[in-house]
Amino acid sequence: MNYQNLGFGKLRLVMAALFALGIQPALAKDALLVSGSYQVVQTRNLGSQSQIRLRIHLVNHGPSDLPIQRMTLWDFSHPDKGGTRACTVTLGAHASAETTQDFTIRRSDFELWKRGLHPRLVLEIDGPRNTRSKTVVRLDRISGQEAK
């Protein structure tokens, strides 16, 4: 038996465990606890693209207000120009907010929604001292609502 390899394997295992334990609290502290759902209000086909109007319901589970300045509908391919919208929505601490936004996305991506895949929304949030951060929210379809 090669004891040198066994010792090296144990060392890697211990280092991986320490790394994982050190990273977890940092990720939990920085994570914004935002969840969301959507309802398709209106659609319009524009050739290979679809213009969609979404009613978006966001919930802030965190302890501080979140001033949202921009929303990007990040789908299954890289977002097109029409997938980003400037907005001014303040999501209060332990509160919810609703907004209606228009996006233009690839029709093929919208078809994937109809098959049950969930869109993601990237929120650009104003922070202290003119900093901005981003968080990704997986949007769930509102129960009983079919993608149009």
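Contacts of Arg44 classified as salt bridge (Lys or Arg N to Asp or Glu O under 4.0 Å), with partners at least two apart in sequence or in another chain: none.
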Give the C-alpha distance, both sets of side-chain angles, the deciding distance and a yes or no for side-chain contact (heavy atoms from CB on, under 4.5 Å) between Met71 and Leu123. CA-CA 5 Å; Met71 293 182 178; Leu123 304 177; 3.8 Å; yes
Go through it in stages, so that I can follow the logic: the residues are Gln51 and Phe103, the test is side-chain contact (heavy atoms from CB on, under 4.5 Å), and I'd like the CA-CA distance, side-chain angles, deciding distance and then a yes or no. CA-CA 6 Å; Gln51 184 178 38; Phe103 299 97; over 6 Å; no
After noting the C-alpha distance and the side-chain angles of Arg107 and Gln49, does the key distance pass the side-chain contact (heavy atoms from CB on, under 4.5 Å) rule? CA-CA 4 Å; Arg107 190 192 299 183; Gln49 296 183 322; 5.8 Å; no
Could you walk me through whether Asp126 and Arg132 pass side-chain contact (heavy atoms from CB on, under 4.5 Å), step by step? CA-CA 5 Å; Asp126 274 347; Arg132 287 209 172 158; 2.6 Å; yes
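Put simply, CG on Leu117 and CZ on Arg141 are 9.5 Å apart, with the number rounded to the nearest 0.5 Å. To the nearest 0.5 Å, atoms OG (Ser48) and CG (Asp109) are separated by 10.5 Å. The line from NZ of Lys134 to CD of Gln69 is 13.0 Å long, rounded to the nearest 0.5 Å. Taking CG of Leu58 as the reference point, atom CD1 of Ile68 lies at 5.5 Å (rounded to 0.5 Å).
For the pair Arg70 (side chain) and Thr88 (backbone), a donor-acceptor distance under 3.5 Å is absent. Between the Asn60 side chain and the Gly62 main chain, a donor and an acceptor come within less than 3.5 Å of each other. In this structure, His118 contributes its side chain and Leu139 its backbone to a donor-acceptor pair below 3.5 Å.
A salt bridge links Asp140 and Arg138; the closest N-O separation between the charged side-chain nitrogens and carboxylate oxygens is under 4.0 Å.
Nearest heavy atoms, Val59 versus Ser96: CG2-CB, 4.0 Å. Taking both residues in full, the closest heavy atoms of Ala93 and Asp65 are given as N-OD1, 2.8 Å, listed atom of the first, atom of the second, then distance. Taking all atoms of both residues into account, the shortest heavy-atom contact from Cys87 to Gln101 is CB-NE2, 3.9 Å. Residues Leu54 and Val40 approach most closely at CD2-CG2, 3.8 Å, considering heavy atoms.
Residues Ser50 and Thr43 fail the side-chain proximity criterion, which asks for heavy atoms closer than 4.5 Å. With contacts defined as side-chain heavy-atom distances shorter than 4.5 Å, the pair Thr100/Arg53 qualifies. Side-chain contact between Leu73 and Ile52: present, with at least one pair of heavy atoms (C-beta onward) separated by less than 4.5 Å.
Test Val89, Leu33, Leu91 against Leu66 for side-chain contact (heavy atoms from CB on, under 4.5 Å) and you get one pass: Leu91.
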